[in-house]
Amino acid sequence: MSDNDLRRLGIDAYDQWTAMWNGDLALAEKIMAPEFVLRYAQAGTEAFDEVRTPQQLADVIAAWHQQRRGLRFVAEGTAVVDLALVDGSPTGLVARPYLASFTGEDARTVARSGTDTLRITNGLISEVWSVSSGSAGRTFYR
């Protein structure tokens, strides 16, 4: 597998991660390791500390969509991909900025940017670091 193939694989993994956050919850079983770790640096995201399985993650994402009308995530910028084949499986890191938006209670668009870093182990997402912007104590997460 060439460097370009590994880069494409990393970008595809991030695109699937984004699609999962946009509501394609079946992807959780496909792209997430059977057990993984989420590290969310935003205030109010303590619930993510307990999420360890694809089904738990799908449930949390579904709840986020119920609480935030029109929630949409879009990958932005250039992905940083550092993957290598380890015992024949892609392993390493993929990071990319994103923009998340939804319609607030006042009918105005709420938008927050951030960066997710995905650790890929044996071709599956095994760890995620997420940091996002937000005014007034990270209002997106309240």
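All residue numbers in this chain count up from 1 along the given sequence. As the structure is a prediction and not an experimental result, all values here were calculated from the model.
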Distance in Å, [X] [atom1] paired with [Y] [atom2], rounded so as to fall on 0.5 Å steps:
X: Leu85; Y: Met1; atom1: CG; atom2: CE; answer: 5.5 Å
X: Leu83; Y: Asp3; atom1: CG; atom2: CG; answer: 10.0 Å
X: Leu93; Y: Leu118; atom1: CG; atom2: CG; answer: 8.5 Å
X: Met32; Y: Gln55; atom1: CE; atom2: CD; answer: 12.5 Å
X: Ser89; Y: Leu124; atom1: OG; atom2: CG; answer: 8.5 Å
X: Phe102; Y: Arg112; atom1: CZ; atom2: CZ; answer: 7.0 Å

Residue pairs passing the salt bridge (Lys or Arg N to Asp or Glu O under 4.0 Å) test where at least one lies in residues 50-67, sequence neighbours excluded
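As it turns out, there is no salt bridge (Lys or Arg N to Asp or Glu O under 4.0 Å) pair with a partner in residues 50-67 once direct neighbours are skipped.
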
Qualifying salt bridge (Lys or Arg N to Asp or Glu O under 4.0 Å) pairs with a residue from residues 70-97, counting only residues at least two apart or across chains: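 Of all non-adjacent pairs touching residues 70-97, those that pass salt bridge (Lys or Arg N to Asp or Glu O under 4.0 Å) are Asp15-Arg96.
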
Please determine whether the number of non-hydrogen atoms from other residues, nucleotides or ligands lying under 6.0 Å from atom CD of Glu105 exceeds 12.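 Open: at most 12 neighbouring heavy atoms sit under 6.0 Å from CD of Glu105.
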
List the atom pairs, donor and acceptor, that lie under 3.5 Å between side-chain atoms in residues 16-25 and the rest of the protein, sequence neighbours left out.
| unit_1 | atom_1 | unit_2 | atom_2 | d |
| --- | --- | --- | --- | --- |
| Trp17 | NE1 | Asp116 | OD2 | 2.9 |
| Thr18 | OG1 | Tyr14 | O | 3.1 |
| Asn22 | OD1 | Phe73 | N | 2.7 |
| Asn22 | ND2 | Thr18 | O | 3.3 |
| Asn22 | ND2 | Phe73 | O | 2.8 |

- Partner residues of Val60 under the side chain to side chain contact (heavy atoms under 4.5 Å, CB included) criterion, sequence neighbours left out: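 With neighbours one apart ignored, the set is Phe48, Val51, Trp64.
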
Counterpart residues, side chain to side chain contact (heavy atoms under 4.5 Å, CB included), relative to Thr103 (two or more places apart):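 Result, side chain to side chain contact (heavy atoms under 4.5 Å, CB included) vs Thr103: Arg69.
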
task: Can you sort out the partners of Ser126 under side chain to side chain donor-acceptor pair (under 3.5 Å), two or more places apart, ordered by chain and number?
output: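 Result, side chain to side chain donor-acceptor pair (under 3.5 Å) vs Ser126: Thr121.
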
ask   = Can you list the residues that meet the side chain to side chain donor-acceptor pair (under 3.5 Å) rule with Thr117, with sequence neighbours excluded?
value =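 If we apply the side chain to side chain donor-acceptor pair (under 3.5 Å) test to Thr117, skipping adjacent residues, there are no hits.
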
Listed partners of Arg119 passing salt bridge (Lys or Arg N to Asp or Glu O under 4.0 Å), at least two apart |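 Arg119 satisfies salt bridge (Lys or Arg N to Asp or Glu O under 4.0 Å) with Glu127 once adjacent residues are dropped.
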
Sequence neighbours excluded, which residues qualify as salt bridge (Lys or Arg N to Asp or Glu O under 4.0 Å) partners of Asp49?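 With neighbours one apart ignored, the set is empty.
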
Using atom types as modelled, flag every donor-acceptor pair under 3.5 Å from a side chain in residues 4-13 to any protein atom, sequence neighbours excluded.
| unit_1 | atom_1 | unit_2 | atom_2 | d |
| --- | --- | --- | --- | --- |
| Asp5 | OD2 | Ser2 | N | 3.3 |
| Asp5 | OD2 | Ser2 | OG | 3.3 |
| Arg7 | NH1 | Ala79 | O | 3.1 |
| Arg7 | NH2 | Ala79 | O | 3.2 |
| Arg8 | NE | Asp12 | OD1 | 3.1 |
| Arg8 | NH2 | Asp12 | OD1 | 2.8 |

Any heavy-atom pair between the side chains of Thr91 and Ile120 that's under 4.5 Å?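 Contact flag for Ile120/Thr91 side chains = no.
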
Taking the side chain as C-beta and beyond, is there a heavy-atom pair between Pro54 and Phe36 under 4.5 Å?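 Yes - at least one pair of side-chain heavy atoms lies under 4.5 Å apart.
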
### Query
Looking at Tyr98 and Val131, what are the two nearest heavy atoms and their distance?
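Nearest heavy atoms, Tyr98 then Val131: OH-O, 4.0 Å.
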
- Task: Write down the atom of Ser101, the atom of Thr109, and the distance for their closest heavy-atom approach.
- Result: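 Scanning both residues, the minimum pair turns out to be CB-CG2, 4.1 Å.
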
